[in-house]
Protein chains: 2
Amino acid sequence: MAGRVPDEKVFDAVLAVIAQQGYERATTRAIADAAGINEATLFRRFTSKENLLRQAVRGNFKGFALDLGSPGDDVEADLVTIVSYYARLYETRGGVVLTLMREAKFSPEVAAVLAEPEKLLERVDEVILHHQRRGALVVEPPRHTFFALVGPLMMRSLARRVDRRATQAPADPVAVVRRFLDGHRPVGA
Amino acid sequence: MAGRVPDEKVFDAVLAVIAQQGYERATTRAIADAAGINEATLFRRFTSKENLLRQAVRGNFKGFALDLGSPGDDVEADLVTIVSYYARLYETRGGVVLTLMREAKFSPEVAAVLAEPEKLLERVDEVILHHQRRGALVVEPPRHTFFALVGPLMMRSLARRVDRRATQAPADPVAVVRRFLDGHRPVGA
DNA sequence: CTCAAATGCAAGTGGGCACTTGCACAAGTG
DNA sequence: CACTTGTGCAAGTGCCCACTTGCATTTGAG
């Protein structure tokens, strides 16, 4: 029997508190208040804070599947698919993602939560390798290419949280990719 | 009279602990141990943890002065100066910098610490604006240009801490700038 | 050598937080 | 209606951490 406040609502509250307070400052009391639930109930239902956060974060990534079909002849199209995904991810969930990346260094559990996104990255690698072999991209370690491509997006998300002067406008994936391609075509192509 | 362990050594210990444990997890005890100093002495000399961290971080950035003369006719040269600086910064102090950026959102004190690097950024803005006016760069918000330029560097530093597959090799500033310029020259130029 | 100032050491204080517990109440189930 | 199960509430426990304090010891300057 789920309680009166459904788990999903509690998870939403968790993410809201994380985004606002940061991961380590997200207290169970604040989460309980945000969820409109008693703190004791939180522990009765979710056992521990750690377990609660893990469930909340995992659920948060579920809606963010990227369907990477097999890569085709069109570099630009394939990269736009990738960039669009990450742009959306960082714009809506950037705070949580970056918090997790930082936390992953210290916490094995958080690192485990990132294992799933990591699998996605491996498929992105394949797409990049495919186009490198086709001669459409400079040959270099695919993760290197990936970060050159997606790095500015992440930085904008991060900067938005630090620097008020940073651009608030969402990135245009097509423009990002075109610009990237101008600098990453092989010499002879 | 400075104590036997000079302040600088203590600051180094602070930064080491921050980079390894994160800002909030950096306990005064850990710092004291790392510095080979007594915890009580830490407070007698530096008053509070907050003050200690501030001094440490500030001192950390001091050695990293970037001498940005007035910008000239050579976009590539000017950008290479900037990129070299940030490449060096992220490669040697990347852990601390990114930790601070993350934490700045929640902690006014950390944000205050970042105010100084912020001034540097303003001068970088000027350089970028100068070259935009000269027609050597796409016209866009300078911070946008900055993150497109430096973003991949920061990402590599961050990724190195999360992802074992990430490139370990230092970035080549000239190559980074050339690639960037290929994608950021104005249409007619 | 002398003395004041800084340090090491060990114990303690107070506050915040994760987590617990006992009890009264509410709600769904048969 | 009786009964089980989950919840709110309030108090409490134990831990960790920033910060303090009293005292013996060290250290460096004159």
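To find a chain, count down the sequence lines: A is the first, B the second, and so on, and within it residues start at 1.
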Sole residue of B/Thr28, B/Leu42, B/Leu52 in side-chain contact (heavy atoms from CB on, under 4.5 Å) with B/Val14
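That would be B/Leu52.
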A/Gln55 and side-chain contact (heavy atoms from CB on, under 4.5 Å): which single residue from A/Asn51, A/Leu53, A/Val57 fits?
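Filter result, single survivor: A/Asn51.
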A/Phe146 ring center near A/Tyr86 ring center (under 6.0 Å):
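Close enough - the centres of the two rings lie under 6.0 Å apart.
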Decide if the gap between the ring center of B/Tyr85 and the ring center of B/Tyr90 is smaller than 6.0 angstrom.
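Ring-ring flag for B/Tyr85/B/Tyr90: false, centres at least 6.0 Å apart.
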Whole-Å distance separating the [atom1] atom of [X] from the [atom2] atom of [N]:
X	N	atom1	atom2	answer
A/Arg25	C/dC17	CZ	C1'	14 Å
A/Asn38	C/dC23	CG	P	17 Å
B/Phe46	D/dC19	CZ	P	14 Å
A/Glu39	C/dA18	CD	P	7 Å
A/Asp7	D/dG6	CG	P	13 Å
B/Lys49	D/dA18	NZ	P	4 Å
A/Leu52	C/dC19	CG	C1'	13 Å
A/Ile37	C/dA26	CD1	P	18 Å

[X] has a side chain; which of [options] sits nearest to it?
X	options	result
B/Ala40	C/dA10, C/dC19, D/dA10	C/dA10
B/Arg45	C/dT7, C/dC19, D/dC19	C/dT7
A/Thr41	D/dA18, C/dA18, D/dT7	D/dT7

Taking B/Asp78 for its side chain and B/Gly72 for its backbone only, find out whether a donor-acceptor pair lies under 3.5 Å.
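Present.
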What nucleic acid atoms does B/Ala26 come within less than 4.0 Å of, heavy atoms only: base, sugar-phosphate, or nothing?
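Sugar-phosphate, backbone atoms only, no base.
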Is A/Thr27 close enough to C/dC17 that one of its side-chain N or O atoms is under 4.0 Å from OP1 or OP2 there?
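False: A/Thr27 side-chain N/O out of range (4.0 Å or more) of C/dC17 OP1/OP2.
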OP1 or OP2 of C/dT20 sitting under 4.0 Å from any side-chain N/O of A/Arg44?
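No, A/Arg44 has no side-chain N/O under 4.0 Å of OP1/OP2 on C/dT20.
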Measure distances between side-chain N and O atoms of A/Arg4 and base N and O atoms of C/dG28, and say whether any donor-acceptor pair falls under 3.5 Å.
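Donor-acceptor pair under 3.5 Å: no.
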